Amino acid sequence: AAYTQTFAEKHTIDAKAVFTVSENNGSYFWASRKDYLSATVDQLFAGSSIGMQNSGNSDEGGRMGLVGRLKYDFDSRNYIEGSFRYDGSDNFAPGHRWGFFPSVAVGWNVSQESFFEPLKDVVSSLKLRASYGLVGNDQLLDSSGGLIRFIYMSDITLQSDNAGFTTGDKQQVSLKGPVYTRYQNNDLTWEVGEKLNVGLDMQLFNSVNVTVDAFREIRRDIFQQRYSIPNYLGTASTAVYGNLAKVKNYGFDLSLDYGKQINKDLAIQFKGTFTFAHNEILEYDEAPGVRPSLSNIGKKLNTIYGYVTDGLYIDQADIANSATSTLGNIAIAPGDIKYVDQPDRDGNYDGKITSDDRVAMGYPTVPEIVYGFGPSISYKNWDFSFFFQGVANTSLMMSGFAPFGTQYNRNVLSWISDDYWSPTNQNPNAAYPRLTKNDNNHNTQSSDYWLRNGAFLKLKNAEIGYTWKKV
């Protein structure tokens, strides 16, 4: 339903309401047999029963929602808009399926005010806007990006390798049993994002368009697996989910657009964008006693964890006087990477290098800064344009290039052969540690030895064209 009405030429009311219902059902089945006696009969029964296979599944889902909006506009100068969503999802248990998400937005076209007239030669147009509201999320994705349905329900693997047993008078029968992979939690409900946005749209000298948006979002009740439950309570590797995490995001977007017709033959245009987005984990369910350096709280999403290094071992005496590494699969030797022992939460050192000695390092793997810029020029029938794109405040961890070992078909890269530790080049700051015939797990751990700046600036595209005019 929709309603729009203007009163006294300056007051406009715009209202809208939408009710939606969706339902989906699906099923899937397949079966196969081999060793058909003849291609003439292509039905399942005609194949051998030895090795026959079949499988199937079904799914169903539904959503229901009510959306409403009410907007008041005064003379195309000021507006205020309120809206809401009231959504129901079958991903949650009864009593927790509905979420209410209101929002409000205001805007002011300052350049339409009479007091602004003297400024229009410089600031051709100026609009201010702000919005605040809640948004909801009912979908949880697994590590491969697939949707986890009915996350509140328990999940059981009926024939698990982790619950197998052997029986029979000669121990000749092996059977598999059921295992819980996820426990039920009927209290799961919507993730909620609290969004605040302020911005302006401005035009300068009738040719330069500038848009600036500053934003902040606090997302709470984020779906997360519990890690604070000790194994001795019997949960073991079974997942328990809850609305446990909280993350703050903030940043700004900037875009610039300049266009000018210089004369009848020459026109130029320039576009540029810049985005900065930073986040911080405010709440996270963690194992008791986790080291502060490994705690997610206060860190960024997509943070890299690794070992702090102190060059390469110089000799056997250096190895003996350093913390003992437990990371290797072969004996530690001169030329291997030397890792730094980190203190526990009480400030004590255990003299060993273990996974507890990892720390957060570098920038997140997802860039905090993304930008782009480029001009477009046309002269008579010719046109030329190009666009640069870049990212910053991001790091990457080098891996998967170690020569030899199980990577028998991989040669030594030139930068490795140019500067690696060897008995004839005992450089503790060499670009690559000692080479080994076998895999050396100690040297391939994530660490600041392999941490690199992921920032780049590239020419994304370039184009030149000529337009033939019809005679």
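This structure is a prediction, so every number in the text was calculated from the model and none was measured. Scope of the values below: all heavy atoms of this structure, side chains included, with no hydrogens, waters or symmetry mates.
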Atom CG of Leu282 and atom CZ of Arg219: how far apart are they, to the nearest 0.5 Å?
13.0 Å

Leu396 and Gly454 have their tightest heavy-atom pair at CD2-CA, 3.9 Å

Side chains of Asp356 and Asp344: does their closest heavy-atom pair fall under 4.5 Å?
no

Give a yes or no on whether a salt bridge exists between Lys352 and Asp341, defined as a side-chain N under 4.0 angstrom from a carboxylate O.
no

Donor-acceptor under 3.5 Å (His442 side chain, Ile330 main chain):
no

Which heavy atom in Gly193 sits nearest to a heavy atom in Glu217, and how many Å separate them?
CA-OE2, 3.7 Å

Taking all heavy atoms of Asn296 and all of Ile281, pick out the closest pair and write down the distance.
O-CB, 3.4 Å

pair Ser293-Arg358: side-chain heavy atoms closer than 4.5 Å
no

Around Met153, counting heavy atoms of other residues, nucleotides and ligands shown, do more than 12 lie under 6.0 Å from its CE?
no

Between Asp90 and Gly62 (side chain of the first, backbone of the second, donor and acceptor by atom type, cut-off under 3.5 Å), is there such a pair?
yes

Considering residues, nucleotides and ligands other than Phe373, do more than 12 of their heavy atoms fall under 6.0 Å from its CZ?
yes

Return yes when atom CD of Glu60 has more than 12 non-hydrogen atoms of other residues, nucleotides or ligands closer than 6.0 Å, and no otherwise.
no

I would like to know whether Asn381 and Thr467 meet side-chain hydrogen bond (donor to acceptor under 3.5 Å, both in side chains); could you show each step before the answer?
CA-CA 5 Å; Asn381 293 359; Thr467 303; over 6 Å; no

Other residues, nucleotides, ligands: >12 heavy atoms within 6.0 Å of Phe456 CZ
yes

Report the distance from atom CG of Asn91 to atom CZ of Arg149, rounding to the nearest 0.5 Å.
4.5 Å

Under 30°, 30 to 60°, or over 60°: which ring-plane class applies to Tyr284 and Tyr227, parallel, tilted or perpendicular?
parallel

Answer whether the closest heavy-atom distance between the side chains of Trp190 and His96 falls below 4.5 Å.
no

Taking all heavy atoms of Ile319 and all of Ala333, pick out the closest pair and write down the distance.
CD1-C, 3.5 Å

Do Pro433 and Trp421 make a side-chain contact, defined as non-hydrogen atoms from C-beta onward lying under 4.5 Å apart?
no

Nearest 0.5 Å, please: how far is OH in Tyr363 from CG in Asn302?
15.5 Å

What distance do Lys300 atom NZ and Asn249 atom CG have between them, rounded to the nearest 0.5 Å?
12.5 Å

Counting distance only, does the side-chain N/O of Asn186 pair as donor-acceptor with the main-chain N or O of Ala93 below 3.5 Å?
no

Centroid-to-centroid, Phe274 to Phe276, below 6.0 Å?
no

Run the salt-bridge test on Arg291 and Asp357 with the 4.0 Å N-O cut-off and return the result as yes or no.
yes

To the nearest 0.5 Å, tell me how far Tyr339 OH sits from Ile353 CD1.
9.0 Å

Is it the case that atom CD in Glu463 sees more than 12 heavy atoms from other parts of the structure closer than 6.0 Å?
no

Do you know the tightest heavy-atom contact between Ile148 and Arg182?
CG2-NH1, 3.7 Å

Within a 6.0 Å radius of atom CZ on Phe92, are there more than 12 heavy atoms belonging to other residues, nucleotides or ligands?
yes

Main-chain N/O of Tyr180 paired to Thr238 side chain as donor or acceptor, under 3.5 Å
yes

Looking at every heavy atom in both Ser89 and Asp138, which two are closest together, and how far apart are they?
OG-OD2, 2.6 Å

In sequence, state the C-alpha distance, the side-chain angles, and the governing distance for Tyr313 and Asp336, and then conclude on side-chain hydrogen bond (donor to acceptor under 3.5 Å, both in side chains).
CA-CA 6 Å; Tyr313 290 115; Asp336 285 337; over 6 Å; no

Heavy-atom count around Ile50 CD1 within 6.0 Å, excluding the residue itself: above 12?
no

Under a 3.5 Å distance rule, please check whether Trp415 uses its side chain to pair with a backbone N or O of Tyr432 as donor and acceptor.
no

Are Glu286 and Ser295 packed together at the side-chain level, in the sense that at least one heavy-atom pair is separated by less than 4.5 angstrom?
yes

Is any side-chain heavy atom of Asp253 closer than 4.5 Å to one of Phe215?
yes

Can you see whether Thr354 engages Thr326 through a side-chain donor-acceptor pair at a distance of less than 3.5 angstrom?
no

Determine yes or no for a side-chain-to-main-chain donor-acceptor pair under 3.5 angstrom, with Asn427 supplying the side chain and Asn429 the backbone.
yes

So, taking the atom named CZ in Arg434 and the one named CG in Leu312, what distance separates them when rounded to the nearest 0.5 Å?
10.5 Å

Indicate yes or no: at least one non-hydrogen side-chain atom of Arg226 is less than 4.5 angstrom from one of Tyr183.
no

How about Met64 and Phe19: do any of their side-chain heavy atoms sit closer than 4.5 Å?
yes

Lys299 NZ: over 12 foreign heavy atoms closer than 6.0 Å:
yes

Is it true that Trp98 and Phe100 have ring centroids separated by less than 6.0 Å?
no

Under 3.5 Å: donor-acceptor pair, side chain of Thr394, backbone of Thr365:
yes

Just checking, any donor-acceptor pair under 3.5 angstrom between side chains of Asn197 and Ser131?
no

Going by distance alone, is a donor N or O of one side chain under 3.5 Å from an acceptor N or O of the other, for Asp35 and Ser48?
no

